[in-house]
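Lettering follows sequence order; numbering is per chain, from 1.
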Amino acid sequence: MAYDYGVIEKKWQERWVEAGLDKSERDDSKPKFMAIFAYPGVTGYLHVGHLRGYTYLDAIARYKRMTGYNVLFPVGTHATGNGGISLYRRISKGDEGTIDYLKRNGCTDEDLAKMKDPLSVIEFFNKVYQNEYWRRFGFLSDWRRFTCTLYPDYSKFIDWQFRKLNEAGLLIQKPYYAPVCPNCGPVAVDASETDISKGGKAETQEYTLLKFRHGDEFLIAATLRPETVYGQVCFWVDPETEYRKIRYNGETWIISPQATEKIKLQKDGVEEIGSVAGKDMVGWMCEAPMIHREIPVFPATFVNPDVGTGLVTSVPSDAPDDWISLEAIKKNPEMITKYGLSQEILDRTVPISIIEMKGYGEFPAKDIIDKLGITQPGDPKLLDAKHIVYKDGFHTGKMKDICGEFAGLRVQEAQEKMKQAMIDAGEADVFYDLTEEVVCRCGARVHIKRIDDQWFINYADPKYTQMTKDHCKNMELNPPEWSDNVYGVLDWFRERACVRLGNWLGTKFPYDDKWIIEAISDSTLYPVYYIISIYANERQIQPEQMTEAFFDYVILGRGDAKSVSDSTGISTELLEKIRKDVLYWYPLDLNLGGKEHMTVHFPAFLMNHVAILPEEMWPRGITVNWYITGKKDKSGEATKISKSKGGAQPIPGAAAKYGVDAMRLYYANVASMFVDVEWDEDTVMTYRQRADRIMLAVQDLINSESDAPKKDIDAWLISRFNNHLQNIRKVMDKNDLRAMTTIVYYDMFNDMKWYNRRGGNNRETITEALKIWIQCMMPVTPHIAEELWEQAGFEGLVSSNQLPEADTTKISLAAEYGENLLRDAMSDITEIRKIAGIDVKKIVLYTSAQWKKDVMNLALDMLKDGKLTIPDLTKACMAREDLRKNGKAVSSLAQKVAVEFQRSTVEQKLPLVETDECRLFTDAAAFLSEENGVPVEVYSADAEGIYDPQGKAKVAVPGRPAIYLE
RNA sequence: GCGGGGGUAGCCGAGUUGGCCAAAGGCGCUGGACUUAAGAUCCAGUCCUUAGUGGUUCAUGGGUUCGAAUCCCAUCCCCCGCACCA
């Protein structure tokens, strides 16, 4: 279409700034509304999906603004962690993929040249987010308050926050096993792979190390199922591996080289003292823990030196790998001779049944192997077999009598108890390992390391958990399904490691500066900081002035301005002003964030507020939004539009292609905010077309020569629009932008079209309707709204206007009923024309005879008194001379009417009897005639001598005129 | 396993305090109008049947009810979270 949305967008964004709409100041005469979206992490470009939630919030904020609120909608970014560092490293190394990705998203060589350190990379993206995303999308945020977690003033705030957490008794220390990169320190291992380049799906698993005595030495096997020790019959080594001997705790252990490296990270004083070849260990006998039986060492191909200790105890009854490998070795004479094993010892090695499981026989491992059709070692299905049998065993299994004092226990219980018993007896130890290979972004392998003095925030604290749960009952939490869930989440929330070591960007931990506060912990209380950041950004206060006393005063109201002023050098006036700002803007009314926040950020956000701030400053609302996902790939699996992979369309490109308002409308209307939506360009394009269409239609209305007098249809249109206004307020009470946009961009549009089609053309009506309509467009499509507002000649900026209340005196149910009746008649005509398939030359309408209305009136009277029944109505009808003469027709109508009216309200049925249908259709005859292209005649069934060749008139009832075509 | 959500017409998706629901809206498709310009717009239709009626539907099978997409039970299937990732 002919619109250059880019020009319109720029024009109005500038006007908003000129008008100061992006600045939020305390105004005690107005109610306030403060809202944020959970700020994004700055680790690269965002994609079109991210704008969904952000756009919701701007639209909600704009709506609040036009309904009487003083709005504060600040934005910021989160840069804590190693995202900035690793991005900078890749850029400085000239990594091709990274450079290519940056350039594809609009980064220039000039920009690249400026990226001299991690902070400059982050600052570059801070600008991109603000200018190319949020400003570009027309957000009315108060940019003066922008903050980033790496700004020195923000750090002062976090420093204070942690002092307050400590005051609340929530900081605790204990040992912790963390995934660690030798170069970068602890890393986050998760599916988003922010810190790592491989292994996002890996989990940390606790293995039990079982010690098998062989002479003075111990073979160490790692197992996830310590409860199966009673079923041990042999021991597996990888004959290809050269194992290490290590000294630990006065013992000599034999484990794989890889395990040696891992174990050094978790145990102190480990010393390598020699080695032994796996093939030489075959044929050894070793003493199994707990059962104290000598079992033989056999070779196996499935043993991986990089998993666990590289040595495996064999429980064929319950481990599919063990079963199949034992079978295989028994049938392999070559192997037997190669390693000098005796047939006799093999024959003696038979599975022992130890666990009783529902749906399984004596040897669960064998059952699952047979079921899956596995015949030899190395079959990939063995992995499934293992998972199935482990899972079923864990949940349904019971230890058999053979298991000594553990007999009869459920597997879950036995696992814990047997592990502990062996540890206590010095026959076992614990060890942590990742389930798959994890590689850091720097390229080094990640392993689990023990950290002794790890700090945690104790989110398990019962007092604060309870307080938070109680508070949630008073909050507006959306969607409601999640709000039910939140109590469970809070209960489940445990201690959370809150600091980390190594090469990280972030705030130093106030009580020990070797630690850096980690990424989630410094992003929980921050909304309150937006109230203060403006003063730091404007250099009215310096970071070093932002002491504990300063925050204590402005946020908590502790101390007095005079003494804080003395200690910080900040004027008392300014301190008091900031304090008033905090009291005015807080609590936060709405925190909106993606569904990924449900179990981590939101609970932490809540608990920090509850633990640190007084009750009147606790948040009022949280809304969770779902995602825009990537297109489904061939396997049907939905792919996230990944920012690290950079496959999605860059935001500025999409904005240019579709127009910002079309995209905003797309986000708002494409689905409920509580479902995932697949990004589809064609769909966005249809919203673009809708925007075009509406602009055109409004411009036509503005430019039309409208001078027709007011008619019924004018009252109808104004009624409809006031009705819509009422509904918009109703749905927006729940921030339901989807319902709101359906009303504004579809219903209202259709009403305008219908008004026009019905010959409505009155300037005053059009102006009144347009004014309402354009205002309603402001929250979601602000640029278009401004443009049309101006073209229509309305005063000022629509963005600073107030939405009128619905004028209920103008809502006319009768008018709306009449138009619906007409439309029903039209679709009936069309229907009959289609089915009859005749060449229509004339249409005749007959409206209902008066006596039928009389029956309905009687029914209505009875309904009002709540005494409507079929016999009563029939009697009442028959009591009237004028009705009785219609004979049987009266009683049959009375029956139908009684049944139908019983289910309705008086208001619903009133128009049926009050509408003068004959007049309505007579007035509309010309219109109907024009629409159908043939003459239309209208008669009342009561009229004398009417044209009615098929006797249709008698079937007309109120609400449904009879139709005759010829 | 624990916890949560869900299965609605060709598709996407509303609707779940039971009735006004053959079920919004959009897309797609079909026919027409307009016009020759466009990823256009307007009108109509789009479960089966039918002079505007009737019939069968909202994963499947039961049940409650005068009445169920909406409530209850069972079954099948799908999705999400489970932690140091914002």
| note | Which of B:G39, B:G81, B:A86 is nearest the side chain of A:Thr599? It is B:G81
| request: Only one of A:Asn478, A:Leu606, A:Val486 passes side chain to side chain contact (heavy atoms under 4.5 Å, CB included) with A:Ile622; say which it is. | output: A:Leu606
| task | For B:G6 versus B:A59, give the span between their C1' atoms, rounded off to a whole number of Å. | result | 11 Å
| said: I want to verify a distance call: between B:A86, B:C82, B:C27, whose nearest atom is closest to the A:Val600 side chain? | reply: B:A86
| To the nearest 0.5 Å, how far apart are CE in A:Met826 and CD in A:Glu931? | 4.0 Å
| query | Out of B:A86, B:A51, B:C42, which has the shortest distance to the side chain of A:Tyr39? | reply | B:A86
| message | Using atom P in both nucleotides, what's the gap between B:C29 and B:A74 to the nearest angstrom? | response | 44 Å
| task | Counting Watson-Crick and G-U wobble pairs only, both distances under 3.5 Å, name the nucleotide matched with B:A59, or none. | result | B:U75
| query | Does A:Arg738 place a side-chain N or O at less than 4.0 Å from the phosphate oxygens OP1/OP2 of B:G26? | reply | no
| field | Nearest-neighbour nucleotide for the A:Arg494 side chain, B:G52, B:A83, B:A44 considered | value | B:A83
| Is the distance from OP1 or OP2 of B:A38 to the nearest side-chain N or O of A:Arg688 less than 4.0 Å? | no
| Complement of B:U65, any strand, by Watson-Crick or G-U distances under 3.5 angstrom | none
| query | For B:G45, which nucleotide is its Watson-Crick or G-U wobble mate, given both distances must be under 3.5 Å? | reply | B:C29
| request: Would you indicate, yes or no, if B:C43 has its OP1 or OP2 atom less than 4.0 angstrom from a side-chain nitrogen or oxygen of A:Arg823? | output: no
| field | Ring-face cation of A:Lys753 near A:Phe749 (centre distance under 6.0 Å, axis angle within 45°) | value | yes
| message | Looking only at the side chain of A:Arg496 (C-beta and beyond, no hydrogens), which of the listed nucleotides B:C84, B:C43, B:G52 gets closest? | response | B:C84
| If you measure from the P atom in B:A69 to the same atom in B:U57, how many Å do you get, rounded? | 9 Å
| query | To the side chain of A:Ile963, which of B:A40, B:G52, B:A86 is closest? | reply | B:G52
Cut-off 3.5 Å, no hydrogens considered: what does the side-chain donor-acceptor table look like for residues 596-604 of chain A, sequence neighbours left out?
from: A:Glu596; atom 1: OE1; to: A:Tyr627; atom 2: OH; distance (Å): 2.8
from: A:His601; atom 1: NE2; to: A:Ser523; atom 2: O; distance (Å): 3.2

| field | Side-chain-base donor-acceptor pair under 3.5 Å for A:Asp828 and B:G52 | value | yes
| field | Nucleotide paired to B:G81 in any strand shown, Watson-Crick or G-U, under 3.5 Å | value | B:C2
| said: Measuring from the side chain of A:Tyr746 (C-beta onward, heavy atoms only), which nucleotide among B:A51, B:A86, B:G25 has the closest atom? | reply: B:G25
| Picking from B:C27, B:G4, B:A86, which would you name as closest to the side chain of A:Thr686? | B:C27
| query | Between B:C48 and B:U41, how far is it from one P atom to the other, in whole Å? | reply | 27 Å
| query | OP1, OP2 of B:A14 versus side-chain N and O of A:Ser672: anything below 4.0 Å? | reply | yes
| request: Sticking with atom C1', work out how far B:C72 lies from B:G18, rounded to a whole angstrom. | output: 13 Å
| query | B:C43 phosphate, OP1 or OP2: any side-chain N/O from A:Lys753 under 4.0 angstrom? | reply | yes
| Say you pick atom P in B:C79 and the same atom in B:U8; how far apart are they, in whole Å? | 14 Å
| In whole Å, what separates the C1' atom of B:U30 from that of B:C47? | 16 Å
| Can A:Asp751 and A:Tyr746 be counted as having a side-chain donor-acceptor contact under 3.5 angstrom? | no
| Which whole number of Å gives the distance between the P atom of B:G13 and that of B:G55? | 33 Å
| Would you call A:Arg960 and A:Asp828 a salt bridge, taking side-chain N to carboxylate O under 4.0 Å as the test? | yes
| said: Is there, by distance only and without an angle test, a donor paired with an acceptor across the side chain of A:Asp682 and the base of B:G39 below 3.5 Å? | reply: yes
| Is there a Watson-Crick or G-U wobble partner for B:G39 with both distances under 3.5 Å, and which nucleotide is it? | none
